[in-house]
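Okay, so here's the structure we're looking at.
We use all heavy atoms of the structure for the numbers below, so side chains are in, but hydrogens, waters and symmetry mates are not. Chain letters run A, B, ... following the sequence lines, proteins first, then strands; residues in each count from 1.
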There are 2 protein chains.
Amino acid sequence: MIAEYKLHHPLLLAIDCIIFGFDGEQLKALLIKRGFAPEKGKWSLMGGFVKKDESVDAAAGRILDQLTGLHDIYMEQLHCFGEVDRDPGGRVISMAYYALIKIDDYGTELMEEHQAQWFGMAEIPELVFDHKKMMEMARERLRQKVANYPIGFALLPHKFTLPQLQALYEAIYETELDKRNFTRKILSFEILQKLNEKEKETSRKGAFLYVFDKKKYKKLEKDGFKII
Amino acid sequence: MIAEYKLHHPLLLAIDCIIFGFDGEQLKALLIKRGFAPEKGKWSLMGGFVKKDESVDAAAGRILDQLTGLHDIYMEQLHCFGEVDRDPGGRVISMAYYALIKIDDYGTELMEEHQAQWFGMAEIPELVFDHKKMMEMARERLRQKVANYPIGFALLPHKFTLPQLQALYEAIYETELDKRNFTRKILSFEILQKLNEKEKETSRKGAFLYVFDKKKYKKLEKDGFKII
DNA sequence: ACAAAAGTGTTGTCTGTACACCCATGC
DNA sequence: GCATGGGTGTACAGACAACACTTTTGT
C-alpha cells in the first residue's frame, strides 16, 4: 500500500445476506442461529467478512455458498449499512446482499450445520443488530425489482405452472391478482415456453408446465418491463 | 473490538461521489483534479476515506461538503465497488454515492481549491480507476430514479419554469418530449405551485415561475409516481 | 412587423381492469 | 356425479401519444 493510504483508518467489512425462497405459498427467508459472539445463539442473517484478497461480490458469493452449497444464484447488492455503533462487537461496516434461490434445490445437511431455518415473512423472529432493517429493505427492493425485471423466476423451480407464478407475485406483493389479467400480461412478454407436460400434484385437472426462454429473458432482464 | 473480530482483515473504505448539476441545457458532473497519489493530477470523482468514528453516510456528506460547502443535499448510495485491484495504490473498497445539487448555489472558491470543473455528459474526460464505471452507473440510476420519484427538482433553482423542468428531463433522458403532454403530466401530480412571477431571461414573453409543494412532494418521494 | 419562446385542446390508440363461466380429472 | 382447481373472452375506462396554432413582448 502506498504511503498516502497508510494515514487512513482501516475497517472491518462484513457481508450480510438476505436469502429469499418460495415454497409455493409463502415468500420465505433463510436465517441462521448466530454461531459466534456477540449475540451468539440469536437469529441472524447469514454473514461473514470480506477477505484480504477477494472482491466484495466474491465474498458475498462465498458466504452464500457456505450456507447453501449453491452457485450461480441471482444475487444483488442491497445497501451498505455503516452506522458507527451498529455492531456492539466493534466497528464493522456491512454490505447487505439479497439472493433468490429455488427452495427445492437446497439440501438440508448444510442447513443443519448452520442451524438454519426458513421463516415466512409474517414469522420473522427478532434479529441481531440492524438485520431487521436489512430484511425490510430487501423486501422492498424485491418488490420494486420484481415489478420491473423478470427475476422472479429465480425463486421458482425450472418448470413451473402459471398458477405457481401468480402465487409468487401474490406472495411478494401481499395482494391478490386477477388470474385472467395476470396470465395475459405474463404471456404477452413471450418469455415463457409452454411444455406438453402437466403438474398434477395440486389439482385434479393439472396445470401446464412452463419454462422460460433464456434469450428473451436476458433482454428483458436488461431493458426491464412492467408487470405490476 | 471483541476477540472473534480480530481474526479478520481490516480494509480501507473510500467514498466516491458523483455530483450532478444542471445548467439549464446540459446535465453536468463535477470532477476534480486528483490531488494525491496514485494518479495524481488526473481527473477523478471527489472522494475520501471513511473515518474511524463516522458512519459511511456521514463520510459521504462530509466529502460532499468539503468540495461544495453545501449541506442538505439530495444524496444516495449508488453501489459498492469492491474489486481487489481496482485501486493500484492498495486494497481500497469504494462506496459510490451520487448527489444532486443546484448548480447556482455553488461557489467558486472551493472549486478552485480542488481544481474542480463541471463537465457536460458528452465531455467527460478519462477518469482514474473505475470511476468511469461509477459515472455510467450513476447516470443510469438517475434516469431510473427520476422517472419514478420527484427528485429532479433538486437539480433546479428554487424557482423554476416549466420549460426549464422539461429541459432537465430531456437532458437526463437524452430525448425530446412533447411540451403539451409534459406540462399536463407534471401538473397532474399537483406538486407545483404557480407563482405570479415570470422569468424573462430566456424569452421575450417570459415563462411563469413555479415552486414545488413540499408536503405533496414528500408523499410522492416516498410512494413514487410515473413521469416517463 | 417580426422573431422567439410560452402556452394551450382534441382525438385516436393502447393499456389496464373488472368480471363469470366451462373444462378436465380423481375420487 | 361432484368437488377442485385450471383455463379462457369481452367491454368499459383511463392513460398515453400525436398533433398546430395563438399569445406575448423586445427589438
Side-chain angles (χ1 to χ4, degrees), chain A residues 23-26 143 146-148 150 156-157 159-171 173-211 220 223-228, chain B residues 22-26 146-148 150 156-157 159-171 173-211 220 223-228:
Chain A
D23 67 357
E25 293 187 358
Q26 277 186 80
R143 271 191 284 260
V146 133
N148 295 295
L156 291 172
K159 299 177 182 180
F160 53 88
T161 66
L162 291 180
Q164 279 169 3
L165 184 59
Q166 180 174 343
L168 170 61
Y169 276 85
E170 289 179 336
Y173 288 99
E174 295 177 318
T175 186
E176 297 202 350
L177 300 173
D178 182 90
K179 190 163 54 159
R180 287 162 291 190
N181 293 338
F182 182 79
T183 308
R184 188 182 317 124
K185 189 69 167 279
I186 287 287
L187 293 178
S188 77
F189 296 123
E190 302 185 323
I191 49 175
L192 296 188
Q193 216 180 311
K194 191 174 186 171
L195 302 179
N196 246 333
E197 287 176 73
K198 283 191 165 186
E199 191 279 325
K200 311 199 85 167
E201 305 274 307
T202 51
S203 83
R204 308 191 195 281
K205 183 175 177 181
F208 277 103
L209 287 163
Y210 289 78
V211 293
L220 278 184
D223 299 352
F225 59 176
K226 184 79 201 140
I227 290 197
I228 290 192
Chain B
F22 178 66
D23 67 359
E25 292 187 358
Q26 277 186 80
V146 132
N148 296 295
L156 291 172
K159 299 176 182 180
F160 54 88
T161 66
L162 291 180
Q164 281 169 3
L165 184 59
Q166 181 175 342
L168 170 61
Y169 276 84
E170 290 180 337
Y173 288 98
E174 295 177 319
T175 184
E176 297 203 350
L177 300 172
D178 181 90
K179 192 162 53 160
R180 287 162 291 190
N181 294 338
F182 181 80
T183 308
R184 189 183 315 122
K185 189 70 167 280
I186 288 287
L187 292 178
S188 76
F189 295 123
E190 302 185 322
I191 49 175
L192 296 189
Q193 216 179 311
K194 191 174 186 172
L195 302 179
N196 245 333
E197 288 174 72
K198 283 191 165 185
E199 192 278 325
K200 312 201 81 167
E201 305 274 307
T202 50
S203 83
R204 308 192 197 281
K205 183 177 176 180
F208 278 103
L209 287 162
Y210 290 78
V211 293
L220 278 185
D223 299 351
F225 59 178
K226 186 77 203 142
I227 291 197
I228 290 192

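Counting any heavy atom pair closer than 4.0 Å across all strands shown, B:Lys185 reaches sugar-phosphate atoms only and no base atom. At a threshold of 4.0 angstrom between heavy atoms, the contacts of B:Thr183 with the nucleic acid are absent. Within the 4.0 angstrom heavy-atom criterion, no nucleotide atom of any strand lies near A:Thr161.
At distances below 3.5 Å, not a single donor-acceptor pair connects side-chain atoms of B:Gln166 with backbone N or O atoms of B:Phe182.
Comparing atom distances between the A:Asn181 side chain and each of C:dT8, C:dA18, D:dG6 picks out C:dA18 as nearest. Each of D:dG5, D:dT23, C:dA20 was ranked by its minimum atom distance to the side chain of B:Lys205; first place goes to D:dT23. Closest to the B:Ser203 side chain, of the nucleotides C:dA5, C:dG9, C:dG7, is C:dA5. For B:Ala207, counting side-chain heavy atoms from C-beta on, the closest listed nucleotide (D:dA18, D:dG6, C:dA6) is C:dA6.
Between the CZ atom of B:Arg204 and the C1' atom of C:dG7 there is a distance of 18 Å, rounded to whole Å. If you take CZ of A:Arg180 and P of C:dC22, they are 13 Å apart, rounded to a whole angstrom. For the pair B:Phe182 CZ and D:dA15 P, the computed distance is 18 Å after rounding to whole Å. Here the C1' atom of nucleotide C:dA6 and the CD atom of B:Gln166 are 11 Å apart, to the nearest Å.
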